[in-house]
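These notes are about the structure you will find just below.
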Protein chains: 2
Amino acid sequence: MATGRTHRTATRSRGIPEATVARLPLYLRALTALSERSVPTVSSEELATAAGVNSAKLRKDFSYLGSYGTRGVGYDVEYLVYQISRELGLTQDWPVVIVGIGNLGAALAGYGGFASRGFRVAGLIDADRAMTGKQVAGLTVRHTDELEPLIKESGVSIGVIATPAGAAQAVCNRLVEAGVTSILNFAPTVLNVPDGVDVRKVDLSIELQILAFHEQRKAGEEAELRDAEAAAAAAAAQSGAVERGTAGTAGTAAGTAAGNAAAAKKRTGQGPDGDVPAVMPA
Amino acid sequence: MATGRTHRTATRSRGIPEATVARLPLYLRALTALSERSVPTVSSEELATAAGVNSAKLRKDFSYLGSYGTRGVGYDVEYLVYQISRELGLTQDWPVVIVGIGNLGAALAGYGGFASRGFRVAGLIDADRAMTGKQVAGLTVRHTDELEPLIKESGVSIGVIATPAGAAQAVCNRLVEAGVTSILNFAPTVLNVPDGVDVRKVDLSIELQILAFHEQRKAGEEAELRDAEAAAAAAAAQSGAVERGTAGTAGTAAGTAAGNAAAAKKRTGQGPDGDVPAVMPA
DNA sequence: ACATGTGAAACCTTTCACAGCT
DNA sequence: AGCTGTGAAAGGTTTCACATGT
């Protein structure tokens, strides 16, 4: 998660839980789609499905924003779009600078989801002089030397780092020095920033490793399933209790009660909650 | 589904918390760096700093894996690298297919962090016939028609979706149908998958929106800071208690205890304390 | 009749603090 | 003396279930 967490302690009234904040963009996207289809109102159940969460969670989330729904009816789509946008700060313009225009930086520069959400790419920066002057996604790439003036002229407060890992901290320092207070880091490295600066990181390799962990476990579970079924069958035959110690010398197998066989399949997709996304350039 | 009962089964020996799993790749990266510098052992404190977490959390995380440290000494770097790799399933080869070879897909295909972690790009797929046959990152792009044979021949169980949002669900369905059970989704859309399939998503726009939220709040805090200072001054002058109700009709201001004024300036690093530039809207 | 809004319970994660081993 | 490993406390998040309002 973010390196420099700003700690809120006192006043509770405006304290929207972090987990809720992380889901607001999800709701906003779903609502925008409804809005485009001119759907006037939506229930928590419908919206939750569209956003990929459950309805209790959605209602709880919205309750932190205020009472924007109507009992017996649902939520007014347009009104909610506005309220969430405002809460997220998307009703204002956010100039963003992207540093490191390799494959990934170029992809980010051309990403359509930015402009539609109030983000504006104010400039592209690369350290390679061979890149400077080139046009990428309709913008001219500028040299790192121009980083500070660009930030100050355009009032940039959000920076995106898409450089190789080795350059990231130096770039980060310059961004912060120049006044940037929020950083989205695609380089696979930990950034040190002073308090008051927010860092979010996106790391592809980490995401894949998490998937690999679950994938491995699934493979292991198939074996367990067979074990559990066998054990259950044996238990049924004998009317005896099924008991097992911890699996011997590690490996992939783990002791699992037979009753878990059903629960084992529960692992549904869509596990956004914890955040921690990821990526990085060559 | 049916099982409405809250049947929490006892045996949980191998249940590593999700939050811990999400951090293992972080530790692994830090450890790999130490390993390359031939550092033999490391303390929880040092490793935690390198990974950007605190040491208590790290120790707790490791405690779920087993007792791999030595009291009074620390952890053996090589041994830990191996144990974590094994736990994450990185000691085996994971063939991956990338679907959608646009800017982003190309960036992913060229990502160096793959091979070093046991991931191997088994194939690149794109729906655009103009793309097929082209070389990207040393691999030949193949047409969507070849998706299923590719998955089956190469034993792919992890798929990466980097297509436009509109195509993502269809691609996802085909991946799942062909046997893929883990998906990393870069398309800004919710994917519906059957139970047993894992989806993780990486959404650039969402990350930026979360940053914007905090950025906005920071801007609001400056105002609060001034308020708090004024309030503190007033309190000092009067020796009276500072008390405030919730700010009247919402808006951006919220009541904040005066005691926060100091904390808000805390900045650790060597950053210049100066500005914290307000975002000026165009 | 129906869907929101919310206390309370259940669950999960982080932090504390110190016993226990080297 | 130093550092791990871990119960217990604290804090945060999700789910439940129903009172409340339309």
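The figures that follow rest on heavy atoms only: side chains count, while hydrogens, waters and symmetry mates do not.
The separation between A:Arg23 atom CZ and D:dT15 atom C1' is 12 Å, rounded to whole Å. With rounding to whole Å, B:Glu46 atom CD is found 8 Å from D:dC3 atom P. The interatomic distance linking B:Leu65 (CG) with D:dT4 (C1') rounds to 14 Å, in whole Å. For A:Glu18 and D:dT13, the CD to P distance is 8 Å, given to the nearest whole Å. The CG-P distance, from B:Asn54 to D:dC3, rounds to 16 Å in whole Å.
Between A:Asp61 atom CG and A:Tyr27 atom OH the span is 3.5 Å, to the nearest 0.5 Å. Taking CD1 from A:Ile206 and CZ from B:Arg200, the interatomic distance works out to 10.0 Å, rounded to the nearest 0.5 Å.
Within residues 69-84 of chain A, the residues that place at least one heavy atom under 4.0 Å from DNA chain D are, in residue-number order, A:Arg71, A:Gly72. Within residues 24-33 of chain B, no residue has any heavy atom closer than 4.0 Å to DNA chain D. If you check residues 56-63 of chain B against DNA chain D, the residues with a heavy atom closer than 4.0 Å are B:Arg59, B:Lys60, B:Ser63, listed by number.
The ring pair (Phe, Tyr, Trp, His ring centres under 6.0 Å) test with A:Tyr68 is passed by exactly one of A:Tyr79, A:Phe62, A:Tyr75, A:Tyr82: A:Tyr79.
Using a 4.5 Å heavy-atom threshold, the side chains of B:Gln83 and B:Leu65 count as separate. Proximity of A:Leu34 to A:Glu46: side-chain heavy atoms (C-beta onward) are nowhere separated by under 4.5 Å. By the 4.5 Å heavy-atom criterion applied to side chains, A:Gln169 and A:Thr189 are not counted as neighbours. Between A:Leu26 and B:Asp203 there is no side-chain heavy-atom pair separated by less than 4.5 Å.
Dashed line: the shortest gap from a side-chain N or O of A:Ser44 to OP1 or OP2 of C:dA3 is not under 4.0 Å.
In this structure, the side chain of B:Ser35 does not engage the main chain of B:Leu31 through any donor-acceptor pair within 3.5 Å.
Taking both residues in full, the closest heavy atoms of A:Arg59 and A:Ser44 are given as NH1-OG, 3.2 Å, listed atom of the first, atom of the second, then distance.
A donor-acceptor pair shorter than 3.5 Å cannot be found between the side chains of A:Ser182 and A:Asp198. No side-chain donor from either of B:Glu36 and B:Thr32 sits under 3.5 Å from a side-chain acceptor of the other.
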